[in-house]
Amino acid sequence: MITPSFLDHLNEPQQQAVMASEPALMVLAGAGSGKTRVLTRRLARLLHQGEAGIGEILAVTFTNKAALEMRERVAALLNLDESNARRLWIGTFHGMGARLLRTHAEVLGFDANFTILDSSDQQRLIKRLSEQKEFIDPYWSPKRLASSISRWKDDGLGPDDLGQTRMKASRDLLRISEFYQSYQDELRRLNAMDFGDLLSNCLKLWDRAPEVLALYQNRFRHLLVDEYQDANKVQYDWMRRLAVGGALCVVGDDDQLIYSWRGARLDNILKFEEDFPDARVIRLEQNYRSSANILKASGGLIDHNVGRKGKTLWTTGEAGAPLEVYVAEDGEDEARHVTRQILRLVPDKGFHEMAVLVRTSSQTRLFEQAFHDQNVPYRVSGGLRFMDRAEIKDAVCYLRLAHSFRDDLAFERIINVPSRKLGPKALEEIQAAARGAGGSLLEGARLVLGQKGLGPAALVQLQKFVQLMDEAHALLEVAHPVEALDKLLEESGYREAVDLDERRNDMRENLRELRIFLSQVDDLAGFLERAALESDPPGTERRDDGVSRVVISTLHAAKGLEFPVVFLVGLEEGLLPHKMAVDEGGAAAVEEERRLTYVGMTRAKEKLFLSHARMRRMYQRLEPAIASRFLKEIPADTVKKRETVITARRGVGIPRPRRPFY
C-alpha cells in the first residue's frame, strides 16, 4: 500500500498523475502548478511500490539544477543514502547520452574517455579548420558555422542531409556539407564529441548495434521526461526509441515553449495522442504561485494563440493588485520609472524579491545605469559561467591534456599559457609534425624535440611542458586528480603568473573553488564530463555575498524562476514581439513571442508592472515606438487605468492629462 505522504498536500489531478498506470501519460502542467512535486512523487511511488528497481527508471530534464533537485527530493522521500541516490538514473538528456556512450563508445570507433567540447571549444576547432582549409567567408563565420552545425544535429541532420534544409537551393550547399564532414572527421580524430553528438551518436549506436538498444529498452521499465515541450527532434527520437520497452510519462506546457530557435517542437505536445494512441492526458490547472488577477491577465493573453492544447489556470488565493502599465517618454524614462517604483516598494519588499525582465540583453544597460545612479543593488542573471572564466578553462585544459594526450584543443590553449615563448611559428612546426605522423599535437611536440627545429630556449620550454604532461599523466594513475592539478598549476608556472595578474584575488578564489569541486569527484573522467555539461560546480550557483539585489534577466533566462514583484519592460512592436522573429517566422513566431510574454507575466506572484515607451533609441537615434499588440490582448479589467503619465527628464516631473487605457 502506498505511503500516504506521497499523496499528502496534492490536489486531485496531481494525485491522478502520481498514481496513473497507463503506458503513456502526458501531464499538461501550467505555470506554477507543482509539476516538480508531481514528477518526484511519481518516481518515488514507482520505486516504493516495486513497479521498478532503483536502476530501472530513467528520468530526464533539461538543466542540471532541475536534475539535482529531483534527485534530492526522491532521496528524501525514500530515505535513500548517498550511495543509492547515485544509482538513480536522473539527469539531463546530454548527461544521460554521455553516460550511455561512455559504456559503448568503441562501437562507434571512439575511446571511452572521449572529450566533450563545450561551445567555446567547438568554435575554436571550427576556426582552426577554417584557417587550415582556407574557408574564408564573411557570412559563414566560425560562430555561425558552430551554431548551424549544432542546429542541424538537433534536427537529426548529418553532412549528407543538408539538402533537406533551406540550403537545398544554395550554392553553398556542397562546400558547407564538405566542411561539416571535415569537422566530424576531426572530432573523431581528436576522440571528441560536441553536445549535439551526445544524442545523435546514441541513435547511430543503436542503429549499428540493435542489441545495445534492446539492452536499455529492457532495463528501463519507466521513462519520465520533464519540460517535454522543449525537446528537439533528436531528443524526441532518443526518448521514443528508449520508451519502447516500458511506460512513458511526459510533463510539459505548450504555453511555455519559447525555445524553437533551439529546435524545440510544439508538435511534440500537440500530436502526442497521435504518436501514442493509448495515452492519457491530465491537466494541472491549479496555480500555487500568482494572484488571480495575474492569472486572468496572462490567461487572456495566451488564449489568442491557436497552437495550444488549452487549459485555464486558477487559484484559491487572493485576487491581488491589478497590473500597472506605464507609458514612458523613452528608454531612459522607463528605466528611471522602474527605479522609482522599486525604491517605493522598499522596505516592504527586499531588493531580491523584485525582477526586471527584458526581451534582449541589450536592454539591460539603461536599467544598470539607472540602478547605479540611485544606489539600487542589482545583479544580471546569466552572467559568465564559472567554467567559462579564463583561469578555470586554463586549469581544466591542463587536466584534459594530462588525461588524454589526443586532446589537441586543450594543447592549443595551454601550450603558451603562461608564456613559454612558444609563438605561432613553434605551433606551426608542431602542427606540421603532427600532421606528417598522423598523430596528436603532443606527439608532434615530441617529434619537434627530436628534430630540434626550434631555438634552444624554445626547445627547453617545450621539453619541460612535455615532461610535465608525462609526469601528470602518470600521477593520475596512482593519485587523486587534485594532486595532479596542484602539480600542473605549480610546475607550469601558472600559479606564479596568477600572482602577477591584477585580478589575482578573484583568480585565486576561483581556482580554490575549482579544487574543491575536483576533490568531490571520484575520478577525473567524471569531473571533466561534469565540467563540460554543467553550468557551475555544485554550490557556486547558489553562492552570494549576502546582499539583497534586484535581478535583471532576459525573458528566456527567467523561465522557471518566480518573484513577488516583476517589471516586464519594453512592450513595443519590434521588441516584444521582436522584429527579427516576426519577420523570419511569421504567425508561428508571433505565437512564440506571445508565449514568451506569458512566461514573463507568470513569473510574478503578487505585483506585475508593464511598460513601454513612446520613443526608443535605435541605431544611435530616437525613433517612434508603437505599443505592443500584446497589451491590447490583456483583459482590460485586470489592468489599472493609466494614471497621470510623468515625464521624468533630469528628475523633473511633468504631468500629462489622463487618457483612457488603450
Side-chain angles (χ1 to χ4, degrees), residues 11 13-14 27-38 62-63 66 226-230 251-259 264 266 269 283-305 307-325 353-359 381 551-571 576-577 590-611 628 630-631 633-635 637-640:
N11 60 41
Q14 289 175 330
V27 181
L28 283 176
S33 62
K35 72 176 178 67
T36 303
R37 177 181 294 184
V38 167
F62 279 80
T63 68
D226 190 16
E227 302 289 2
Y228 179 64
Q229 78 280 347
D230 291 335
V251 181
D253 183 4
D254 49 335
D255 292 333
Q256 296 192 72
L257 191 157
I258 58 175
Y259 297 119
L266 188 59
I269 283 184
R283 286 171 167 80
L284 304 184
E285 298 177 304
Q286 184 173 357
N287 178 280
Y288 295 92
R289 176 190 298 157
S290 303
S291 70
N293 203 60
I294 291 172
L295 293 181
K296 183 177 180 181
S298 56
L301 172 70
I302 203 63
D303 278 345
H304 286 77
N305 271 8
R308 62 191 297 257
K309 298 285 283 189
K311 58 186 171 302
T312 302
L313 298 186
W314 58 276
T315 180
T316 59
E318 297 179 357
L323 282 62
E324 295 186 28
V325 176
E353 295 181 283
M354 295 180 272
V356 178
L357 305 184
V358 299
R359 175 61 178 86
S381 179
V551 172
I552 305 176
S553 173
T554 64
L555 286 163
H556 284 100
K559 187 169 177 286
L561 304 179
E562 59 181 46
F563 304 90
V565 180
V566 167
F567 296 86
L568 180 50
V569 302
L571 276 154
L576 191 61
V590 171
E591 292 214 344
E592 179 151 345
E593 292 290 297
R594 189 178 285 112
R595 290 194 294 269
L596 190 58
T597 307
Y598 170 83
V599 166
M601 293 174 70
T602 54
R603 299 311 93 197
K605 298 167 70 174
E606 301 169 16
K607 291 181 177 292
L608 177 58
F609 296 84
L610 310 176
S611 60
S628 171
F630 300 151
L631 284 167
E633 296 173 355
I634 297 172
D637 61 350
T638 65
V639 180
K640 185 177 181 180

Taking the side chain as everything from C-beta on, heavy atoms only, tell me whether W314 gets closer than 4.5 Å to L295. no
So NZ of K559 and CZ of R603: to nearest 0.5 Å the spacing works out to 7.5 Å
For E593, is there an ion pair with R359 - N to carboxylate O distance below 4.0 angstrom? yes
Notebook entry, point to check: If we only count heavy atoms from C-beta on, is the L608 to L610 side-chain gap below 4.5 Å?
Noted result: yes
Please walk me through it: do I302 and R595 pass side-chain contact (heavy atoms from CB on, under 4.5 Å)? CA-CA 7 Å; I302 203 63; R595 290 194 294 269; 3.8 Å; yes
Hits for salt bridge (charged side-chain N to carboxylate O under 4.0 Å, His left out) against K35, two or more places apart or cross-chain, chain-then-number order -> D226, E227
Query raised in the report: Tell me, do N11 and Y288 make a side-chain contact under 4.5 Å, heavy atoms counted?
Result: yes
Practice prompt. For E285 and T312, indicate whether the former's side chain and the latter's backbone hold a donor-acceptor pair under 3.5 Å.
Written response: yes
Worksheet item: Does any N or O in the side chain of S553 come within less than 3.5 Å of the main-chain N or O of S381, such that one atom is a donor and the other an acceptor?
Response: no
inquiry  = Any non-hydrogen side-chain atom of E353 less than 4.5 Å from a side-chain atom of V565?
reply    = no
Do E318 and S291 have side chains that get closer than 4.5 Å, going by heavy atoms? no
- [ ] Could you go through the salt bridge (Lys or Arg N to Asp or Glu O under 4.0 Å) check for K309 and D254 one step at a time?
- [x] CA-CA 7 Å; K309 298 285 283 189; D254 49 335; over 6 Å; no
Next on the checklist: When you compare the side chains of Y598 and D253, does any donor N or O come within less than 3.5 Å of an acceptor on the partner?
Outcome noted: no
Interatomic distance, CG@L301 vs NZ@K296, rounded to 0.5 Å, equals 14.5 Å
Just wondering, do L28 and I269 contact through their side chains at under 4.5 Å, heavy atoms?
-> yes
When rounded to the nearest 0.5 Å, the distance separating CG of L284 from CD of Q14 is 6.0 Å
In this structure, OG1 of T597 is separated from CD of E633 (nearest 0.5 Å) by 9.0 Å
| task | Tell me, with the steps shown, if K311 and D255 meet side-chain contact (heavy atoms from CB on, under 4.5 Å). | result | CA-CA 9 Å; K311 58 186 171 302; D255 292 333; 3.2 Å; yes
task = Classify the angle between the aromatic ring planes of F567 and F609 as parallel (below 30°), tilted (30 to 60°) or perpendicular (above 60°).
result = parallel
Correct closest heavy-atom pair for A264 and Q229 would be CB-O, 3.7 Å
Between I258 and L555, the two heavy atoms sitting closest are CD1-O, 4.5 Å
d(D230 CG, L257 CG) to nearest 0.5 Å is 6.0 Å
Heavy-atom closest pair (V566 atom, G600 atom, distance to 0.1 Å) is CG1-O, 4.0 Å
Correct closest heavy-atom pair for P322 and N293 would be CA-ND2, 3.0 Å
Show your reasoning for whether side-chain contact (heavy atoms from CB on, under 4.5 Å) applies to I634 and V639. CA-CA 8 Å; I634 297 172; V639 180; 3.8 Å; yes
Check your understanding: Hey, are E562 and K605 close enough for a salt bridge, meaning a charged N less than 4.0 Å from a carboxylate O?
Key -> yes
- prompt: Would you say Y259's side chain and H556's backbone share a donor-acceptor pair under 3.5 angstrom?
  reply: yes
Here the pair of heavy atoms bringing M601 nearest to L323 is CE-CD2, 3.9 Å
dist N287:CG -> I294:CD1 (nearest 0.5 Å) comes out at 9.5 Å
Between S298 and T602 the two heavy atoms that sit nearest each other are OG-CG2, 3.6 Å
